[in-house]
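Just below is one structure, and these are the notes that go with it.
Computation of the quantities below employed the complete heavy-atom set of this structure, encompassing side-chain atoms and omitting hydrogens, waters and symmetry-equivalent molecules.
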Amino acid sequence: MAESAACPAFQLGRPRYDQGSFLGRLRHFIDIIDPSTLFVSEKQLKECIKLLDDYKHDTLPPGVSDLQLWEAQKIKQAIIHPDTGEKIFMPFRMSGYVPFGTPIVIGLLLPNQTVVSTIIWQWLNQSHNACVNYANRNATKPTPTSKFLQGYVGAVTSAVSIAVGLNVLIQKANKLSPATRMIIQRFVPFPAVASANICNVGLMRHSELSEGIDVLDNNGNVVGSSKIAARHAITETAFTRVVLPMPIFVLPPIIMSYLERLRFLQSNRRLLLPIHSFVCLVTFGLSLPVAISLFPQMSQIEVSRLEPEIAMATDCKVVTYNKGL
């Protein structure tokens with residue numbers, strides 16, 4: 001009984017954990033962002049896809065366990081986009097967000113930033129975010145390259161402008177002591193990144209608002225294309241992008257300001273950067289699954305809240321859409 005509870009019977013396309021609870025979503029997304037999936041070979045991926053296809057067509061070889069099927073689905077979901085069926089480029093997968101994003105977070109949180117270094121790190125951060133947002137968007141409708149480029153330029157420009165503007169204000173605050181100024185500068189990345197992240201999600205996924213996204217009935221059939229569902233999807237994603245940097249850009253400066261006062265580190269200054277990097281990595285690794293677990297990826301919305309033509313096209317009370325990540 002314990003084994004059955006730990007590993008429920010496999011259901012193709014269904015999450016292993018209950019998506020109606022935060023804990024269930026957290027366990028689900030810890031699977032999705034598992035960095036070990038970055039090392040899955042092409043051969044392993046094909047074997048996983050074949051295993052799932054065999055299950056779908058009732059041609060599974062004997063001896064395949066539910067655990068193997070769940071693992072195969074986990075690997076496929078971590079690598080393959082649910083709408084396009086194509087592989088997501090490794091640095092832009094959710095499983096690559098922490099490993100590839102941590103060096104940028106470290107750079108953003110380095111003390112004594114100049115205007116030039118602020119611009120460079122904010123540009124790198126929002127470039128990475130833009131590509132992650134685009135790669136994990138709802139892709140039920142095609143997005144022209146021109147719209148991607150417009151969104152990218154807008155997202156990066158807003159991020160750099162906000163960050164540089166805040167830094168300039170702090171540098172001009174002559175009444176602040178140097179120590180106070182340095183502490184505040186360490187916290188500047190959070191409001192800059194949080195507000196820029198909202199712009200980033202909105203601009204990178206703007207085409208969803210104009211085109212709408214597909215909504216599905218209980219059987220997974222497309223009922224119609226909804227701009228209202230698109231607005232909900234983008235709002236929920238943007239909210240997660242505000243929550244995500246909160247601990248990442250707030251906790252490390254607090255922790256480091258305490259650690260830097262320790263006598264051991266004052267006499268071993270070369271250890272500060274490795275410790276700072278480790279603190280950023282751990283904080284980022286813990287923050288990401290918590291933030292993206294706030295809402296289920298396959299979200300539901302009442303038909304009565306959508307466009308009249310969608311309500312007329314189905315008898316379902318509730319429809320499902322891919323929120324994106």
Side-chain angles (χ1 to χ4, degrees), residues 33 35 38 88-137 145 147-168 170-171 182 184-206 237-238 240-253 256 272-288 291-292 324-325:
I33 68 165
L38 296 172
I88 300 172
F89 186 45
M90 189 185 290
F92 309 144
R93 296 174 197 164
M94 275 297 164
S95 55
Y97 204 3
V98 173
F100 289 95
T102 298
I104 299 171
V105 170
I106 293 165
L108 281 166
L109 289 173
L110 289 174
N112 303 316
Q113 296 271 13
T114 64
V115 171
V116 174
S117 67
T118 298
I119 290 172
I120 290 170
W121 288 115
Q122 286 290 347
W123 168 69
L124 286 172
N125 182 51
Q126 291 304 325
S127 295
H128 186 229
N129 284 347
C131 291
V132 169
N133 289 335
Y134 182 77
N136 294 279
R137 73 198 184 284
T145 307
K147 287 200 173 183
F148 167 78
L149 292 174
Q150 286 171 11
Y152 170 74
V153 170
V156 171
T157 303
S158 64
V160 172
S161 303
I162 292 165
V164 171
L166 287 172
N167 265 328
V168 168
I170 290 163
Q171 286 169 5
M182 190 182 80
I184 294 174
Q185 275 181 318
R186 281 187 162 182
F187 286 99
V188 162
F190 170 62
V193 169
S195 50
N197 281 356
I198 296 172
C199 298
N200 198 318
V201 172
L203 290 166
M204 293 310 299
R205 295 178 56 177
H206 179 71
T237 306
T240 66
R241 294 301 193 274
V242 173
V243 174
L244 174 59
M246 197 179 295
I248 298 171
F249 291 112
V250 171
L251 291 180
M256 289 308 298
L272 282 174
L273 184 57
I275 291 172
H276 181 209
S277 303
F278 177 75
V279 169
C280 290
L281 176 64
V282 171
T283 312
F284 197 175
L286 294 174
S287 302
L288 180 60
I292 60 177
L325 287 175

Report yes if the side chains of Ile292 and Ile33 come closer than 4.5 Å at any heavy-atom pair, otherwise no.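 Contact flag for Ile292/Ile33 side chains = yes.
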Under the side-chain hydrogen bond (donor to acceptor under 3.5 Å, both in side chains) rule, what pairs show up with a residue in residues 273-282, not counting sequence neighbours?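 Sorted pair list comes back empty.
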Applying side-chain contact (heavy atoms from CB on, under 4.5 Å), name anything that partners [X], two or more places apart in sequence or on another chain.
X	result
Leu286	Val282
Ser95	Thr37, Leu38, Arg93
Leu281	Val98, Thr102

Only pairs under 3.5 Å count here: list side-chain donor-acceptor contacts from residues 240-247, not counting sequence neighbours, and write none if there are none.
unit_1 : atom_1 : unit_2 : atom_2 : d
Thr240 : OG1    : Thr237 : O      : 2.6
Arg241 : NE     : Asn133 : OD1    : 3.2
Arg241 : NH2    : Asn133 : OD1    : 2.9
Arg241 : NH2    : Leu325 : O      : 2.9

Roughly how far, to the nearest 0.5 Å, is SG of Cys280 from CD1 of Ile104?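 Those atoms lie 12.0 Å apart.
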List the atom of Ile275, the atom of Met256, and the distance in Å for their closest heavy-atom pair.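 Shortest heavy-atom contact: CG2-SD, 4.2 Å.
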Heavy-atom closest pair, residues Thr283 and Pro252: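 Closest heavy-atom pair between Thr283 and Pro252: OG1-CG, 4.0 Å.
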Report the residues that fulfil ring-ring contact (aromatic ring centres under 6.0 Å, His included) with Phe89, sequence neighbours left out, ordered by chain and then residue number.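 Counting only residues at least two positions away or on another chain, Phe89 forms a ring-ring contact (aromatic ring centres under 6.0 Å, His included) with Phe92.
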Sort and list the pairs that fulfil ring pair (Phe, Tyr, Trp, His ring centres under 6.0 Å) and have at least one residue in residues 100-129, not counting sequence neighbours.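 Matches after skipping sequence neighbours: Tyr97-His128.
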Under the rule for side-chain hydrogen bond (donor to acceptor under 3.5 Å, both in side chains), what residues qualify as partners of Ser117, not counting sequence neighbours?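 Testing Ser117 for side-chain hydrogen bond (donor to acceptor under 3.5 Å, both in side chains), a comparison that skips the adjacent residues, returns Gln113, Thr114.
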